[in-house]
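Sequence lines set the chain letters: A, B, ... in the order given, protein chains first and strands last, and positions in each chain run from 1. As the structure is a computational prediction, the values presented were derived from the model and not from experiment.
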Amino acid sequence: MPAENAAIERGVHPKSWTYENIATMRRQLKSMGLAIDWSREFATCDPSYYRHEQAMFIDFINAGLVERRVSLVNWDPVDQTVLANEQVIDGRGWRSGAVVEKRELAQWFLKITDYAEDLLTALDGLTTWPDKVRLMQKNWIGRSEGMTFTFELEDANGRKLDEGLTVYTTRHDTIFGASFCAVSADHPLSKRLSEANPALDRFRKEVAALGTSEENIERAEKRGCPLDVFAHHPFLKDVKLPVYAANFVLMGYGEGAIFGCPGHDQRDWDFAQKYHLPIIPVVGPRGSDVSVSDAPYLEKDGEDTVLINSDFLNGMTVTEAKAEVAKRFESSGIGKRTVNFRLRDWGVSRQRYWGCPIPVVHCPECGIVPVPKSELPVELPEEVKFDKPGNPLAHHPTWKHVNCPNCNTPATRETDTFDTFIDSSWYFARFTSPHDENPVNAEAAKYWLPVDQYIGGVEHAILHLLYSRFYSRAMHKTGHLNADEPFASLFTQGMVIHETFRTAAGEWVLPSDAIQKDGAWVHATTGEPLIVGGIEKMSKSKRNVVDPDTIIAAYGADTARWFMLSDTPPERDIEWTEAGAEGSWKFTQKIWRIINDIAELPEAEATMAADGLALRRVAHRSVATITDDLNNLRFNRSIARIYELSNAMGPALQIANKSPDLIGALREAGDFLVTVMAPMMPHLAEECWTLLGHDTAVVDTAWPKTIASLVEVDEVTIAIQVNGKRRDEILVAKGADRGMLETRVLELENIKRAIEGKTVKKVIIVPDRIVNIVVAD
RNA sequence: GCGGGCGUGGCGUAAUGGUAGCCGCAACGGACUUAAAAUCCGUUUUUCGAAAGGAAGUGCCGGUUCGAGUCCGGCCGCCCGCACCA
């Protein structure tokens with residue numbers, strides 16, 4: 001979409017726009033020195049990639065994973081296209097920010113709901129995914145257990161209707177609290193009755209016009225329109241419940257119809273208040289005699305909460321009552337237990353040009369005919385015009401006119417293209433064999449997949465990450481992949497954020513144009529005072545961006561990498577500041593000085609002699625913890641330890657000429673320092689490595705081996721507490737004897753003073769850690 | 001409304017239930033310099049004290065424990081996700 005929008009706004013072709021951006025980003029990634037295997041690069045907009053996508057789509061059709069149906073869809077009026085549910089954020093298009101409308105359109109769907117249960121239960125196996133992401137997916141899939149059952153209906157004259165009203169509920173225990181039924185405005189019953197009911201017809205139109213944005217939903221009061229039909233209570237012969245069309249019932253969930261129990265549901269309560277319907281409490285504290293309620297009683301199931309006012313259910317707990325009602329419904333055949341999911345099928349049609357064409361043909365004779373695989377790819381036409389709104393493919397003079405692959409009579413191509421999330425749902429599988437004839441080479445996929453460590457922003461928790469999990473299953477079913485889960489481990493990293501600046505007139509100003517003068521921020525060229533705004537995600541619209549090229553020109557790639565890793569744990573957002581970058585840059589200078597100094601020292605071996613031992617202990621201990629931290633992606637902690645190591649080396653260098661043993665220790669520490677910093681500052685590390693006299697590259701060097709006796713501490717500082725308050729500390733050999741410790745501790749002046757005149761009741765000794773003397777007056 | 005997370009110095013942060021504040025930034029003092037920058041050394045939670053040494057302190061209130069930033073309960077605040085899902 002950005003490619004196509006650029007085309008519309010600036011007249012450049014989406015293709016050249018895309019490839020130019022790829023070239024820029026490739027150059028920037030390379031200048032950061034990232035270790036990427038560029039021989040595997042491909043672009044998802046290239047026909048050599050999307051032909052496989054088209055072929056797999058045809059396999060998906062044959063496997064029953066695809067459906068085309070008319071449905072109410074999310075329409076983005078700015079981007080002029082349909083959006084999937086996942087792409088509607090707060091009632092607005094995820095990209096355009098426009099308020100999304102509801103439209104009825106024929107659309108292609110991938111049947112992700114077939115995998116709802118599996119996608120949910122398999123989350124338990126993704127133990128190295130963040131709990132947060134798993135929970136978000138769980139909530140999004142939204143499994144609920146309940147019952148569907150059918151009411152008999154009669155009209156205003158008491159005549160029984162042929163059709164019944166089927167509803168879904170999770171609270172069948174509250175059936176005796178039912179005081180009305182409600183259907184969605186789009187429910188077939190409401191549609192049919194509106195033909196002869198002008199008030200209902202008007203109501204339906206009003207509801208449709210209201211839209212689905214969050215603001216509208218929040219503000220909208222519960223409204224309804226009577227259908228003038230009545231539902232028979234399943235257990236009470238004389239009770240007839242009025243049926244309404246209501247604006248708060250969603251057609252897309254369950255049966256699009258409910259029974260209302262105002263005593264135990266906020267919405268139903270609001271509705272009953274407005275239309276003066278009975279409010280019957282049916283769940284309450286055991287032994288209570290509640291007959292009226294001021295508000296819905298929403299207390300959870302519990303020992304002391306039982307059914308009341310509910311005939312044969314009286315006295316049962318909610319769980320017992322549910323079971324009883326389910327039993328009776330099922331034996332009388334009016335209902336059954338059902339499981340419902342919130343998850344909807346994935347609408348993949350987009351009315352846009354710059355995407356992968358959906359490889360089907362609409363034939364007036366044969367209907368929908370997939371393009372034969374031998375004729376793939378269905379390529380996008382290069383010459384397109386963006387002079388009018390809507391889909392350029394539909395407007396193209398020739399492209400869509402083809403003969404039916406089946407009967408060879410004139411037919412038209414599908415002009416919708418795929419949602420780009422399809423492109424990203426299997427690219428990782430393609431990376432394993434980017435030039436293979438088939439979408440995925442089985443052997444390569446077996447070797448590489450699932451992805452060991454996937455890294456991305458949490459914003460994809462229920463978009464890309466859910467789509468990919470489904471897509472892997474679909475590829476598995478169609479024989480393209482041998483696994484269901486694409487990503488073994490997931491890490492959600494934070495973003496680089498930055499202060500925002502703007503002028504009094506409200507214009508956003510680039511950070512590079514903002515300077516500090518006499519403590520106040522002003523515009524670098526105009527001198528205009530600037531307002532400092534929030535620290536936010538870097539975005540072009542707020543101009544709070546720092547160009548990677550500028551950073552690299554000013555500080556170099558290593559400084560940029562170092563700063564991004566050093567300040568904050570990687571899962572958190574990091575604020576890019578000039579001062580922070582400056583600090584990292586100073587550190588690179590410091591490393592360079594230290595390594596230069598070491599390089600000038602004579603050759604010497606690291607020994608166990610006393611002179612070098614203290615430094616060696618620091619070096620070996622540092623490497624041990626840094627290794628552990630790096631393995632756990634705790635980069636900020638590793639960096640703190642690297643600082644400590646370098647801080648220990650400075651003073652040692654001052655006195656190095658006095659002892660060959662110290663020189664040996666320094667040379668070893670220098671090698672260690674360079675090796676452990678190499679993953680984060682690769683360029684400087686290589687320079688330092690050469691300077692230290694090695695003729696290989698650090699990147700090819702084995703990770704340093706630590707010596708256990710140097711890593712282990714032999715002396716520990718033990719804190720001495722009296723009643724939990726620290727009063728002193730002593731240095732003792734590791735593993736010191738309890739009895740000896742207790743005797744020594746009680747002889748300490750500070751301790752004597754603290755326990756003077758009191759009785760020692762207990763001495764708690766945690767070996768190598770702490771001694772706590774418990775005293776009483 | 002429902003679900004989840006987080007509250008620690010001036011700031012970014014660190015602490016398997018065991019000495020709160022490692023490391024860095026900023027600030028301040030000193031050395032070097034004609035001077036500045038850079039660099040090096042030192043100070044830096046608050047508070048009382050000349051010092052030695054006390055006292056308080058991880059959003060607030062309470063609990064468990066010999067011992068709580070960490071565990072439990074209740075508040076307050078901020079952030080994120082979902083949201084008329086029956």
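- Using a 4.0 Å heavy-atom distance criterion, A:V763 is classed as making no nucleic acid contact.
- Looking at A:K274 and A:E221, a side-chain N of the basic residue comes within less than 4.0 Å of a carboxylate O on the acidic one, giving a salt bridge.
- Taking 4.0 angstrom as the limit, A:K725 places a side-chain polar atom (N or O) nearer than this to OP1 or OP2 of B:A56.
- Across all strands shown, B:G3 forms a Watson-Crick or G-U wobble pair with B:C80, both key distances being under 3.5 Å.
- For B:C40, the OP1/OP2 oxygens have a side-chain nitrogen or oxygen of A:R593 closer than 4.0 Å.
- A salt bridge links A:E206 with A:R223: at least one charged nitrogen is closer than 4.0 Å to a carboxylate oxygen.
- The side chain of A:R344 contributes no N or O atom lying less than 4.0 Å from OP1 or OP2 of B:C85.
- In this structure B:G24 sits in a base pair with B:C11, meeting the Watson-Crick or G-U test at under 3.5 Å.
- In this structure, the nucleotide among B:G18, B:U19, B:A14 sitting nearest to the side chain of A:P569 is B:A14.
- Contact annotation for A:I639: no contact, since no heavy-atom pair falls under 4.0 Å across all strands.
- Between A:R572 and B:U13 there is a side-chain polar atom (N or O) within less than 4.0 angstrom of OP1 or OP2.
- Of the candidates B:C40, B:G3, B:C66, B:C40 carries the atom nearest the A:K590 side chain, counting heavy atoms from C-beta on.
- Distance, A:E145 CD to B:C85 P: 18 Å, rounded to whole Å.
- Residue contacts shown for A:R223 are absent, as no nucleic acid heavy atom lies under 4.0 Å away.
- Contact annotation: the side chain of A:V732 never approaches that of A:E715 to less than 4.5 Å [non-hydrogen atoms, C-beta and beyond].
- Put simply, A:R726 has no side-chain N or O that comes within less than 4.0 Å of OP1 or OP2 on B:A55.
- Between A:N647 and B:G24 there is a side-chain N or O to OP1 or OP2 distance below 4.0 Å.
- A:F635 has its CZ atom 22 Å from the P atom of B:C23, to the nearest Å.
- For B:A14, the OP1/OP2 oxygens have a side-chain nitrogen or oxygen of A:N636 closer than 4.0 Å.
- Note on A:S566: nothing from the nucleic acid sits closer than 4.0 angstrom, heavy atoms only.
- Contact of A:K222 with B:C84 (side chain to base): a donor-acceptor pair of N or O atoms is detected under 3.5 Å.
- At the heavy-atom level, A:L135 lies under 4.0 Å from the strands shown only through sugar-phosphate atoms.
- Put simply, the side chain of A:R637 and the base of B:C23 share no donor and acceptor less than 3.5 Å apart.
- At B:G24, none of the side-chain N or O atoms of A:Y643 fall inside 4.0 Å of OP1 or OP2 (strictly under the cut-off).
- Classified by interplanar angle (parallel below 30°, tilted 30° to 60°, perpendicular above 60°), the ring pair A:Y275/A:Y244 is tilted.
- Counting any heavy atom pair closer than 4.0 Å across all strands shown, A:V774 reaches sugar-phosphate atoms only and no base atom.
- Within the nucleic acid shown, A:K586 comes within 4.0 Å of sugar-phosphate atoms alone, with no base atom in reach, counting heavy atoms only.
- With A:H233 contributing its side chain and A:I175 its backbone, the two residues share a donor-acceptor pair below 3.5 Å.
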